[in-house]
Amino acid sequence: GENVEQHPSTLSVQEGDSAVIKCTYSDSASNYFPWYKQELGKRPQLIIDIRSNVGEKKDQRIAVTLNKTAKHFSLHITETQPEDSAVYFCAASGGSGSWGKLQFGAGTQVVVTP
Amino acid sequence: NAGVTQTPKFQVLKTGQSMTLQCAQDMNHNSMYWYRQDPGMGLRLIYYSASEGTTDKGEVPNGYNVSRLNKREFSLRLESAAPSQTSVYFCASSRTSGGDNEQFFGPGTRLTVL
């Protein structure tokens, strides 16, 4: 089955700096890669996703890039703000036999200090 | 719309007790999921239901059973709770059974098994 690895596990950045989180996946057939943000005590919520026919996608201060050859994808947050502090999860799906199941990474705790 | 709702929010059980976690969605979604979230391990799929009338095992199904009661409701049952089942449980739903549809999460149930 699919295996998703996420790095780093924790990330501290100064307000205004950029943050980058990287994920690798194992199943070359995977074709959908969402990113979820989970604030403390809250539910995970989708912030951006990318499909395998696209190399990059942006939405205001966040962007995701996908390298299918290397089987990795990354989340980029620019001009970080305190409200960006949360746990971020990457996920992958669509691979062989996976139907619509999402395989999540272990998460990255992002702390933005003023 | 309430989205995805879960009951209860918190529960404490003794080893060997049973309980059912309830989940409902009002978005007319076809697919529903149950995850558990443990520190440092991301979200792991317990069971899912691609459509009304079908259920299937996920990554960590042992010790759990599910029922897709109708299109709106998907319950998770612990027949004989164990301390290893102490976790936060999230229900989620998505529009179709395709893997590239956003999953919407409920608020979670924090379960402690003593």
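Heavy-atom basis, side chains included; hydrogens, waters and symmetry copies ignored. Given the structure is predicted, the values throughout are model-derived calculations rather than measurements. Lettering follows sequence order; numbering is per chain, from 1.
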**Study point:** Residue among B:Ala92, B:Gly58, B:Pro107, B:Pro39 with most heavy-atom pairs under 4.5 Å to chain A
**Key:** B:Pro107

Exercise for review: Please check if atom NZ in B:Lys71 has more than 12 non-hydrogen atoms from other residues, nucleotides or ligands closer than 6.0 Å.
Suggested key: yes

Review point. Got more than 12 heavy atoms from elsewhere within 6.0 Å of CG, A:Leu40?
Key: no

Practice item. Establish whether A:Ile62 and A:Phe89 are linked, either directly or via other cluster members, by ILVMFWY side-chain heavy-atom contacts under 4.5 Å. Key: no

Check your understanding: At their closest point, which heavy atom of B:Val4 faces which heavy atom of A:Arg43, and how far apart are they?
Key -> O-NH1, 3.6 Å

Practice item. Please tell me if the side chains of B:Gln103 and A:Leu46 come closer than 4.5 Å, counting only heavy atoms from C-beta onward. Key: no

Review point. Looking at A:Lys101 and B:Lys57, what are the two nearest heavy atoms and their distance?
Key: NZ-O, 4.4 Å

Review point. Roughly how far, to the nearest 0.5 Å, is CD of A:Gln103 from CZ of B:Arg44?
Key: 10.0 Å

**Study point:** Atom group of B:Tyr35 that falls short of 4.5 Å from chain A, counting heavy atoms
**Key:** side chain

Exercise for review: Would you kindly confirm whether B:Phe105 and A:Val87 end up in one hydrophobic cluster when ILVMFWY residues are joined by side chain heavy atoms under 4.5 Å apart?
Suggested key: yes

Review point. What do the steps show when you test B:Glu59 against A:Phe104 for side-chain contact (heavy atoms from CB on, under 4.5 Å), and what is the final call?
Key: CA-CA 11 Å; B:Glu59 182 183 353; A:Phe104 283 87; over 6 Å; no

**Study point:** A:Gln81, CD: over 12 other non-hydrogen atoms inside 6.0 angstrom
**Key:** yes

Exercise for review: Using a cut-off of 6.0 Å, state whether more than 12 heavy atoms not belonging to A:Glu83 lie near its atom CD.
Suggested key: yes

Point to revise | Region of B:Phe90 in contact with chain A, defined by heavy-atom distances below 4.5 Å | key: side chain

Practice item. Sort B:Leu43 into side chain, backbone, both or neither according to what part of it lies under 4.5 angstrom from a heavy atom of chain A. Key: both

Check your understanding: Same cluster or not: are A:Leu75 and A:Val112 linked, directly or through other Ile, Leu, Val, Met, Phe, Trp or Tyr residues, by side-chain heavy atoms under 4.5 angstrom apart?
Key -> yes

Review point. In terms of hydrophobic clustering (I, L, V, M, F, W, Y; side-chain heavy atoms under 4.5 Å; direct or indirect links), are A:Phe73 and A:Ile47 co-clustered?
Key: yes

Exercise for review: Mind checking the CG-CD spacing from A:Asp49 to B:Glu102? Nearest 0.5 Å is all I need.
Suggested key: 7.5 Å

Review point. Relative to chain B, which segment of A:Pro34 carries a heavy atom at a distance below 4.5 Å: side chain, backbone, both, or neither?
Key: neither

Check your understanding: Relative to chain B, which segment of A:Gln6 carries a heavy atom at a distance below 4.5 Å: side chain, backbone, both, or neither?
Key -> neither

Exercise for review: Indicate if B:Tyr64 and B:Val60 have the same hydrophobic cluster label, given that clusters are the connected sets of ILVMFWY residues with side-chain heavy-atom separations under 4.5 angstrom.
Suggested key: yes

Review point. Side chain, backbone, both or neither: which part of A:Tyr36 has a heavy atom under 4.5 Å from chain B?
Key: side chain

